[in-house]
Amino acid sequence: MKIRQKGMMTLLLAGAMALSGCGGTGGGNGDTATGGAGNTGPAANAGKAEAAEPKTLRILSGVAGGKTPEEHVLFEQEVERLTGIQVKIEKPAADYSKKLMAALAGGEKYDLVYMGKTEMDQLVEQGVLMELSDKIAGSSVLSDPAVIEPEEWMQIEYDGGKRYAVFNKKEGGTLPIVRQDWMEKLKLAEPATLDDYYAVLKAFKEQDPDGNGQADTYGLSTAGLYDIQGFMSAAGVKYKYVIDDQGKRSIPYATEAAVPVYEWFAKLYQEGILDPNFATNDTAKMRELFLTDRVGVVTYWDAWVGLFNNTRLTEDPNTKFLAKGMKGAQAPDGSYMLRRGDPSVWGIPVNAEHPETAIEFLEFWHSEPGNLLSTLGIEGEDWKKTASGGYELTETGKEHGMDHGAPFPSNTRFTNPVGTLPGVEEARELIFANNSTIELSTADWPNAEKIVQNYAFKAMMGELPAAEAVEKMNGELKAAGLVD
């Protein structure tokens, strides 16, 4: 894939955790123009009380906005310039989920809140979110199947097809990411089975792929169990909960089917192929190992294929570094099972003071001007028009990584005019082509996860035989009433 822009600065690493894939072909949905997004759908019928005074919104968000406090103010001003809506976007620096739940539990009034599926499930159950089915159906923008694909809605529908939120973007997923330049240097074929992966990872450990003459590389690193789904694919088991038609809950990682994969990890650990700190790594440490030539494979988001490549190209345009996504380990029946990211969505609380204006904002967010703002950022600050009518990022825009809330919009008519980062599109294709589904969390999952992780790590590090670890894991889950 050709690189269509100069590399972004290493600074983008701090803010790009939530990136995923990009939309398809063409330029805007035609319903909303720069200068105002409220000409169609329910937003055009806002109540007289709202129309009598300037439109305002109070928004709580973990993603949308500027990358610095100063730019955040510019972002709010840009929204007002494009829509006529005066917005106040509160963007907590940390612990977003906790602050969201605490604020809504305390009765704080927001017109629009950003959340993940886990928070949405809880808030719907608590009756905190407004049902938006009629408002979505009445909006020519939000009901447009080219703006939000019909199959996407199925992920966030509740009993009877009720909808309580609108998507923020179209999510990507996680998969193994390999140093393709090491693969080519060592003349290795792309792995398919767990045995194939073992051979590749062993070569990365033993054959000096970085060429420094030292035995200082690992085959694989992870950040705990995040995200080993690409390898559990070999056993056809999925992380978190599975609930059958009778409502019976199980956790496939706690079943006998997962034992061979835990045994495979234990072999890697015992032979020094797996980073010994995998269980305590955070994702930043894992990324650092990959970028500094210490490890050949990590398990992470598809968008980071491009971010890894772009970071190294920024530092050295002549680098041989090349990250590439892989589709994981093949099950005996030839299938794969990867993970799709949980939907990130916008919801309107039942105590919102300006729900119609919130819908108007969401229509804007999914229009071409909104797509440009959520990707490239602020015109004049992050990007500018060229003499030929094209788009180019400023140095600030390059640092900000084309992520101002929805780096890969749901709108299939939108194409990023600057282009995507090298390797992202190919990785994203692997996600959507290989049985990638979202994981099912329930209110019980945080307690279940502690038990799963405890025994999974014991099995993966050889502290317990894998079969015994799974037996104990399942026994504790049952005793705690966390599986049926």
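Heavy atoms only: backbone and side chains are in, while hydrogens, waters and symmetry mates are out.
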With no hydrogens and no angle check, is any side-chain donor or acceptor of [X] less than 3.5 Å from a backbone partner on [Y]?
X: Asn309; Y: Pro422; value: yes
X: Asp244; Y: Lys248; value: yes
X: Asn434; Y: Leu430; value: yes
X: Asp111; Y: Ala352; value: no
X: Asp403; Y: Gly405; value: yes
X: Glu119; Y: Gly116; value: yes
X: Ser221; Y: Val298; value: no
X: Ser335; Y: Ala331; value: no

What is the distance from atom [atom1] of [X] to atom [atom2] of [Y], rounded to the nearest 0.5 Å?
X: Trp264; Y: Leu274; atom1: CH2; atom2: CG; answer: 8.5 Å
X: Asn371; Y: Leu376; atom1: CG; atom2: CG; answer: 10.0 Å
X: His366; Y: Asn411; atom1: NE2; atom2: CG; answer: 8.5 Å
X: Leu482; Y: Met473; atom1: CG; atom2: CE; answer: 13.0 Å
X: Thr311; Y: Leu307; atom1: OG1; atom2: CG; answer: 6.0 Å
X: Phe432; Y: Glu171; atom1: CZ; atom2: CD; answer: 9.0 Å

Is the closest basic N to carboxylate O distance between [X] and [Y] below 4.0 Å?
X: Glu90; Y: Arg58; result: yes
X: Arg249; Y: Asp484; result: yes
X: Arg428; Y: Glu425; result: no
X: Lys205; Y: Glu271; result: no
X: Glu476; Y: Lys478; result: no
X: Lys67; Y: Asp382; result: no

Nearest atoms (heavy-atom pairs only) where [X] meets [Y]:
X: Lys169; Y: Pro407; result: CD-CD, 3.9 Å
X: Leu194; Y: Ala329; result: CD2-CB, 3.8 Å
X: Lys285; Y: Asn281; result: CG-OD1, 3.5 Å
X: Thr412; Y: Ala146; result: OG1-O, 2.6 Å

Start with the C-alpha distance between Thr299 and Phe231, add both sets of side-chain angles, then the distance that settles side-chain contact (heavy atoms from CB on, under 4.5 Å), and finish with yes or no.
-> CA-CA 9 Å; Thr299 57; Phe231 302 115; 3.6 Å; yes
Apply side-chain contact (heavy atoms from CB on, under 4.5 Å) to residues Leu112 and Ile348 and explain how you reach the verdict. CA-CA 5 Å; Leu112 201 60; Ile348 302 175; 3.7 Å; yes
Looking at [X], I'd like to know if its [atom1] atom is crowded, meaning that more than 12 non-hydrogen atoms belonging to other residues, nucleotides or ligands lie closer than 6.0 Å.
X: Glu256; atom1: CD; value: no
X: Asp333; atom1: CG; value: yes
X: Lys472; atom1: NZ; value: no
X: Glu471; atom1: CD; value: no
X: Glu157; atom1: CD; value: yes

*Phe204 and ring pair (Phe, Tyr, Trp, His ring centres under 6.0 Å): which partner among Tyr198, Trp182, Tyr197, Tyr218?*
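Exactly one pass, corresponding to Trp182.
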Would you indicate whether the side-chain heavy atoms of [Y] and [X] approach each other to under 4.5 Å?
X: Phe278; Y: Phe265; value: no
X: Tyr241; Y: Asp444; value: yes
X: Thr174; Y: Leu338; value: no
X: Lys238; Y: Thr437; value: yes
X: Val452; Y: Leu225; value: yes
X: Tyr164; Y: Ile156; value: no
X: Val166; Y: Ile148; value: yes
X: Pro69; Y: Lys91; value: no

Residues two or more places apart in sequence or in another chain: which of them pass salt bridge (Lys or Arg N to Asp or Glu O under 4.0 Å) with [X]?
X: Asp227; answer: Arg339
X: Glu152; answer: Arg340
X: Arg312; answer: Asp293

>> By the definition side chain to side chain donor-acceptor pair (under 3.5 Å), identify the one residue from Lys117, Glu449, Gln122, Lys240 that meets it with Ser441.
In response: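 It is Lys240; the other options fail the test.
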### Task
Kindly determine whether Asp121 and Tyr158 satisfy side chain to side chain donor-acceptor pair (under 3.5 Å), including the steps that lead there.
CA-CA 9 Å; Asp121 288 344; Tyr158 295 82; 2.6 Å; yes
Kindly assign one of parallel, tilted or perpendicular to the pair [X] and [Y], based on the angle between their ring planes and the thresholds 30° and 60°.
X: His400; Y: His404; value: perpendicular
X: Trp304; Y: Tyr300; value: tilted
X: Tyr114; Y: Trp346; value: perpendicular

Partners passing side chain to side chain donor-acceptor pair (under 3.5 Å) against Lys458 (at least two apart in sequence or in another chain) |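 Lys458 satisfies side chain to side chain donor-acceptor pair (under 3.5 Å) with no residue once adjacent residues are dropped.
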task = Check the pair Val63 / Ser344 against side-chain contact (heavy atoms from CB on, under 4.5 Å), numbers first and verdict last.
result = CA-CA 10 Å; Val63 293; Ser344 59; over 6 Å; no
Practice item. Run the ring-centre check on Phe290 versus Phe321 and record whether the distance is less than 6.0 Å. Key: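 Yes; Phe321 has its ring centre under 6.0 Å from that of Phe290.
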Exercise. Are Thr375 and Val418 close enough, and set up right, to give a side-chain contact (heavy atoms from CB on, under 4.5 Å), and what steps lead you there?
Worked result: CA-CA 10 Å; Thr375 56; Val418 175; over 6 Å; no
| request: Can you tell me which residue pairs pass the salt bridge (charged side-chain N to carboxylate O under 4.0 Å, His left out) test with a partner in residues 190-200, sequence neighbours excluded? | output: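 For residues 190-200: Glu190-Lys324.
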Any donor-acceptor pair under 3.5 Å linking the side-chain atoms of Gln229 with those of Tyr253?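 Yes, Gln229 and Tyr253 have a side-chain donor paired with an acceptor closer than 3.5 Å.
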### Partners meeting ring-ring contact (aromatic ring centres under 6.0 Å, His included) with Trp153 (sequence neighbours left out)
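Trp153 satisfies ring-ring contact (aromatic ring centres under 6.0 Å, His included) with Phe167 only.
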